[in-house]
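Computed from a predicted structure; not experimentally measured. In what follows, every chain begins at residue 1, and chains take the letters A, B, ... in the order their sequences are listed.
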2 protein chains.
Amino acid sequence: MAKSVTLPPLVYPDRDEITVEGVLRALADPVRLAIVRQLAAADHELSCGALTVSVTKSTITHHLSILRQAGVVAGRQEGTTRFNSLRRNDLDALFPGLLDGVLAARR
Amino acid sequence: MAKSVTLPPLVYPDRDEITVEGVLRALADPVRLAIVRQLAAADHELSCGALTVSVTKSTITHHLSILRQAGVVAGRQEGTTRFNSLRRNDLDALFPGLLDGVLAARR
DNA sequence: GTCGTAGTTCGACAAACACCGTACTACGCG
DNA sequence: CGCGTAGTACGGTGTTTGTCGAACTACGAC
């Protein structure tokens, strides 16, 4: 038997499938922006539960799914926890400066 | 009597009133993004009518008002025409790289 | 096996949004 | 003056979006 690892049924867009508009839409929400900022601040991956936002779990799931579909974050499943990280490389390659500009904003 | 100049009842946010989230929201729409791209491409001001977008005039007005309130564009009234320009200086100062990153995206 | 923990999925609902058409103001020209 | 042009304001409509709670799956520990 193979290991009982539930391989990522998570699908992200390929780098060349990411659109500016999608990324902008994804970032244009206070909750999602907070998530992105926290992911950027912590240089390591963060589980959903480690995010400090003022919405319920199901709403977090929803927002993370949007961020993932937009190509902003990647997720790695490990047991019951899902670790999220920022797709910095891809975003910087596609839209150089965009992410840094957003993060540079006064909090 | 003073000159019949209708002084700009146009109000924009001051530079320090501009928020990232507002700017991102403003840019996260295909029509507005098209407008911003055209303003960036033309290094001079553009009248509302000079914009080539696929919506009616009233909708253009609406989008320009959103862009203006977000602090993305400035407008100068001259006769019956209003000339719009990108607030590059302010945006670059606040969110260095953001605008360039957005504009760098493959069309 | 039983419990607890981590996240997802599924409606449902209210608020926000893009869009339009029409009516309106304001300027400039003949 | 009257007409055309540039753009705004208003009211309405259909769609999208953020939010939640409750029910569900999946893993780990006891």
A.B. asks: Return the minimal non-hydrogen interatomic distance between A/Val53 and A/Ala34, and the atom names on each side.
C.D. replies: CG1-CB, 4.3 Å

A.B. asks: Starting from P on D/dC27, measure out to CZ on A/Arg76 and report it in whole angstrom.
C.D. replies: 15 Å

A.B. asks: Between A/Val55 and A/Glu78, name the one whose nearest nucleotide on DNA chain D is closer to the 5' end.
C.D. replies: A/Val55

A.B. asks: CD of A/Gln69 versus P of D/dG18: gap in Å, rounded?
C.D. replies: 12 Å

A.B. asks: Looking at A/Leu91 and A/Leu99, what are the two nearest heavy atoms and their distance?
C.D. replies: CD1-CD2, 4.1 Å

A.B. asks: Are OP1 or OP2 of D/dT19 and a side-chain N or O of A/His63 less than 4.0 angstrom apart?
C.D. replies: yes

A.B. asks: So what does A/Ile66 touch, heavy atoms closer than 4.0 Å: a base, only the sugar-phosphate, or nothing?
C.D. replies: sugar-phosphate

A.B. asks: Let me know the distance between CG of B/Leu67 and C1' of C/dC17, rounded to the nearest Å.
C.D. replies: 14 Å

A.B. asks: Please work out which residues in residues 34-43 of chain A have a non-hydrogen atom less than 4.0 Å from an atom of DNA chain C and list them by number.
C.D. replies: none

A.B. asks: For the side chain of A/Gln38 and the backbone of A/Thr52, is there at least one donor-acceptor N/O pair under 3.5 Å apart?
C.D. replies: yes

A.B. asks: Report yes if at least one side-chain N or O of B/Thr59 is closer than 4.0 Å to OP1 or OP2 of C/dC20; otherwise report no.
C.D. replies: yes

A.B. asks: Just jot down the salt bridge (Lys or Arg N to Asp or Glu O under 4.0 Å) partners of A/Asp100, sequence neighbours excluded, or say none.
C.D. replies: A/Arg88

A.B. asks: May I ask whether A/Tyr12 and A/Phe83 are part of the same hydrophobic cluster, defined by side-chain heavy atoms of I, L, V, M, F, W, Y residues being less than 4.5 angstrom apart, directly or through others?
C.D. replies: no

A.B. asks: Considering only nitrogen or oxygen atoms on both sides, find all protein atoms under 3.5 Å from nucleotides 2-9 of chain C and state each distance.
C.D. replies:
unit_1 : atom_1 : unit_2  : atom_2 : d
C/dA6  : O4'    : A/Thr80 : OG1    : 2.9
C/dG7  : OP1    : A/Cys48 : N      : 3.1
C/dG7  : OP2    : A/Gly49 : N      : 3.0
C/dG7  : N7     : A/Lys57 : NZ     : 2.5
C/dT8  : OP1    : A/Arg82 : NE     : 3.3
C/dT8  : OP1    : A/Arg82 : NH1    : 3.3
C/dT8  : OP1    : A/Arg82 : NH2    : 3.4
C/dT8  : OP2    : A/Thr61 : OG1    : 2.6

A.B. asks: If you compare all heavy atoms of A/Val20 against all heavy atoms of A/Phe95, which two are closest, and at what distance to 0.1 Å?
C.D. replies: N-CZ, 3.6 Å

A.B. asks: I need the residues from residues 18-32 of chain A with at least one non-hydrogen atom less than 4.0 Å from DNA chain C; give them sorted by number, or say none.
C.D. replies: none

A.B. asks: Which heavy atom in A/Ile18 sits nearest to a heavy atom in A/Ala70, and how many Å separate them?
C.D. replies: CG2-O, 3.5 Å

A.B. asks: Does anything in residues 18-41 of chain B pair up under salt bridge (Lys or Arg N to Asp or Glu O under 4.0 Å), and if so which pairs, sequence neighbours excluded?
C.D. replies: B/Glu21-B/Arg25

A.B. asks: Please lay out, stage by stage, how A/Val31 and A/Thr59 fare under the test side chain to side chain contact (heavy atoms under 4.5 Å, CB included).
C.D. replies: CA-CA 10 Å; A/Val31 173; A/Thr59 306; 5.8 Å; no

A.B. asks: For A/Leu46, is there any backbone N or O sitting under 3.5 Å from a side-chain donor or acceptor partner on A/Asn84?
C.D. replies: yes

A.B. asks: Considering residues at least two apart in sequence or located in another chain, which fulfil the side chain to side chain donor-acceptor pair (under 3.5 Å) criterion with A/Asp90?
C.D. replies: A/Arg15, A/Arg87

A.B. asks: Does C/dC20 have its OP1 or OP2 closer than 4.0 Å to a side-chain nitrogen or oxygen of B/Thr56?
C.D. replies: yes

